[in-house]
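Numbers restart at 1 for each chain; the letters A, B, ... are given by sequence-line order, proteins then strands. Below, all heavy atoms of this structure are taken into account, side chains as well, without hydrogens, waters or symmetry copies. Note that this is a predicted model, so its numbers are computed, not measured.
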2 protein chains.
Amino acid sequence: MLAVMHNPVTLRDVARAAKVSVSTASRALAGAGLTSKVTAARLRAVATELGYRPNTLARGLKTRSSRLIGLVVHNLENASFRVLAEVAQQRLRAAGYQVILCITADDPEQEAETIATLMDQRADGLIICPTGQNGARLAALERNGTPVACVIRRDEAVELETVLAADPEGAFEGTRHLLELGHRRIGLIVGRPETTSGRERLSGYRRALQEAGLGFDASLVHAGRYHPEVGLAGCQALLDRPDRPTALFVANHEATLGVLRGLAERGIIIPDDLSVLCYEDSPSLAWQRPAISVVDNGPAALAELAVDRLLRRLRGSPAGAAREYRIGARLIQRQSCRPLSLPVEA
Amino acid sequence: MLAVMHNPVTLRDVARAAKVSVSTASRALAGAGLTSKVTAARLRAVATELGYRPNTLARGLKTRSSRLIGLVVHNLENASFRVLAEVAQQRLRAAGYQVILCITADDPEQEAETIATLMDQRADGLIICPTGQNGARLAALERNGTPVACVIRRDEAVELETVLAADPEGAFEGTRHLLELGHRRIGLIVGRPETTSGRERLSGYRRALQEAGLGFDASLVHAGRYHPEVGLAGCQALLDRPDRPTALFVANHEATLGVLRGLAERGIIIPDDLSVLCYEDSPSLAWQRPAISVVDNGPAALAELAVDRLLRRLRGSPAGAAREYRIGARLIQRQSCRPLSLPVEA
DNA sequence: CTTGCAACCGCAAACGATTGCAGTCCATGC
DNA sequence: GCATGGACTGCAATCGTTTGCGGTTGCAAG
């Protein structure tokens, strides 16, 4: 009575109750027309009557499919990862899968360990924002027949289906927007150059400058982790320059929190004294006053496509020929950028 | 070759390779001293050599334990839920469990469905922020031997181990802080009274007023969902009063985004013109300028305790006698509250 | 050389489902 | 009346583990 008794009604029980064999019970409940309509109906009735629920473990053991998908992200604070988690969970559940949440803190060790346990769990597939250090393991997964979809980040060492934001174009658009407003000295606070996103966003910025006939001034870019502290430090460094920038392009919403504080501390008014543009949207940037203009990398669309690709392969389609998909980024103009009418004093 | 071949090395294989029976292989690898040291060592060697990884499904089927824990939250945007997910994932993984993420959008239907599939999956336990409409199902789970820990929210219909923030005290402290600063008309933007948190935060506010010898003015409280829109609307309504409040207590960080915008739109300066205090911390409130004072409900501590309680029961301890645990909230003073020196003009 | 006692080890039965194969039944056509 | 075939159904093996139970083995004591 007080012992454990995990839902004890099994397929045997319903078979017995309906006076058929376990196999017919299985087939009847499977739905395809493997049995006569009447037995099927009877079995369904008995099953619901008894409150039968199939044991996913047993089924998985036999069918070699756990209907579990691993979702591997760096954290849940970054808005892109967060909506990835939300969207993936929602859509995969709708498709009959459960998601196992794994957080790596961008640490290859944890990522490796996570991948291993996911294999033990016989996960049917993986959606992962890779650190980039475990390509071999991911490739091994694929070889074992477990589809892997990379998203938001890429593992450069290995060919995997990957869906990314159009970072180079997005950064290009953003920078060009500032240029069109007349800005010439545009500070950039961006991710570390070891990361794809850091490099790509930087390259978009450079290309925009170049197309505008402007030289590239490395001292205007400040690279670091995606964290408010970094934004604050970058902001301070850039503002300490004698010819301080008239606009700041911040390549991440967390870092933007830091630059906003940095500006406020110095009494610099956005957008009157300085324009600010952020790569990646987030609710707090949208509700902020003045509302911060952003180039939205479309995390929901990224997530949806990644899930789609994975589901397609789970249904048996081979990996697409095109291994890399890009989701367009788009500029959302709010109130933090304004035309540079006059050169600032001095 | 191109067929699916989920990691094919099984216990049989390592047993065969080591020339022992499957059972000894199992026992040797289990670790407890069920075999001689030497066979154990040999088996371990062979196992790693062959790259053996136990099949969790098969093991789970036999041991009636999936080592899967369901984590059921309303969303991932709210900071409390988010850190719950992060902390739970991290600590449960450390204890050898995986987390199945389920998002209910605070919808009882989805919650019910989610609970059902979690049962099918033979989840070993549940950490849940209940909607409050599925108490019966949760109780059924418990009866089947699956421990359930509620956190952040409570299901009032049923007795379950529950860890909550000390909302009444927290709201009391917050309100008293504002009172001590001299504020007398304090607007409250709070959750709907159908929710425990809405009621409790309101009650703390009322008690503080009462202890200060002040009457309760229902027109100073604005109740609604935890959403920026609601904060904005509440803020506008309160500011339209002839005797507008000199301080606002906003019972949720998302709603606070809305009131901050509302204030900014009217050119009201925090804290000079109006003091703002928020219940629940979040990075954007902390980095904001002026930084918003908050009463921190300690989501990490909530999560840790919930996980602890669950783990304890998973290890076999019976449910504690005390079914409800409270985590103290604490005031974090930043820059958004200031003493009311003079009565405002008029 | 027996006996007793541990310490190890293997057999085989589970766990709860799916599925290939073979059997049963009935209706049909000749 | 009998062969033919189709539609259902049941048997039994299987997925990869764990574990109760009985059997071997080795060694010390008698």
Revision key, fill the gap. Side-chain contact check for A/R64: nearest option of D/dT18, C/dG16, D/dG16 is D/dG16

Check your understanding: In whole angstroms, how far is the C1' atom of D/dC8 from the CZ atom of A/R42?
Key -> 12 Å

Review point. What integer distance in Å separates A/L11:CG from C/dT18:P?
Key: 7 Å

**Study point:** A/P54 side-chain proximity, nearest of D/dT17, C/dC21, C/dA17
**Key:** C/dA17

Exercise for review: Round to a whole Å and report the spacing from CG of A/L50 to C1' of C/dG16.
Suggested key: 15 Å

Check your understanding: Reckon A/S23 touches a base, only the sugar-phosphate, or nothing at all at heavy-atom distances under 4.0 Å?
Key -> base

Exercise for review: Using heavy atoms to find the nearest nucleotide of DNA chain C for B/A58 and B/A25 separately, return the residue whose nucleotide is more 5′.
Suggested key: B/A25

Exercise for review: Before giving the answer on salt bridge (Lys or Arg N to Asp or Glu O under 4.0 Å), spell out for B/R82 and B/E77 the whole-Å C-alpha distance, their side-chain angles and the decisive distance to 0.1 Å.
Suggested key: CA-CA 6 Å; B/R82 172 172 59 74; B/E77 184 166 353; over 6 Å; no

Review point. CG of B/L43 versus C1' of C/dC8: gap in Å, rounded?
Key: 13 Å

Review point. Does a salt bridge link B/E142 with B/R137, judged by any charged N lying under 4.0 Å from a carboxylate O?
Key: no

**Study point:** Nearest listed nucleotide, side chain of A/T63, among C/dG10, D/dG16, C/dT18
**Key:** C/dT18

Exercise for review: Specify the separation, in whole Å, of atom CZ of B/R12 and atom C1' of C/dA12.
Suggested key: 14 Å

Exercise for review: Identify which nucleotide among C/dT18, C/dC21, D/dG16 has an atom closest to any side-chain atom of A/S26, counting heavy atoms from C-beta outward.
Suggested key: C/dT18

Study note, to complete from the structure: Rounded to whole Å, the CZ-P distance (B/R122 to C/dC15) equals 13 Å

Check your understanding: Could A/E161 and A/R323 be called an ion pair, given the rule that one side-chain N must be under 4.0 Å from one carboxylate O?
Key -> no

Exercise for review: Send over the distance from B/R27 CZ to D/dT18 C1', rounded to a whole Å.
Suggested key: 9 Å

Study note, to complete from the structure: Taken to the nearest whole Å, CG/B/L57 to P/C/dT18 is 13 Å

Exercise for review: Would you classify B/T39 as touching base, sugar-phosphate or nothing, given that sugar-phosphate means primed atoms plus P, OP1 and OP2, and contacts are heavy atoms under 4.0 Å?
Suggested key: sugar-phosphate

Check your understanding: Quick one: does B/L302's side chain get under 4.5 Å of B/S80's, heavy atoms only?
Key -> no

**Study point:** Under 4.0 angstrom between B/S21 side-chain N/O and C/dC9 OP1 or OP2
**Key:** no

Check your understanding: Closest to the B/K62 side chain: C/dT19, D/dG10, C/dC15?
Key -> C/dC15

Review point. Can you check whether A/D107 reaches A/T131 side chain to side chain, under 4.5 Å on heavy atoms?
Key: no

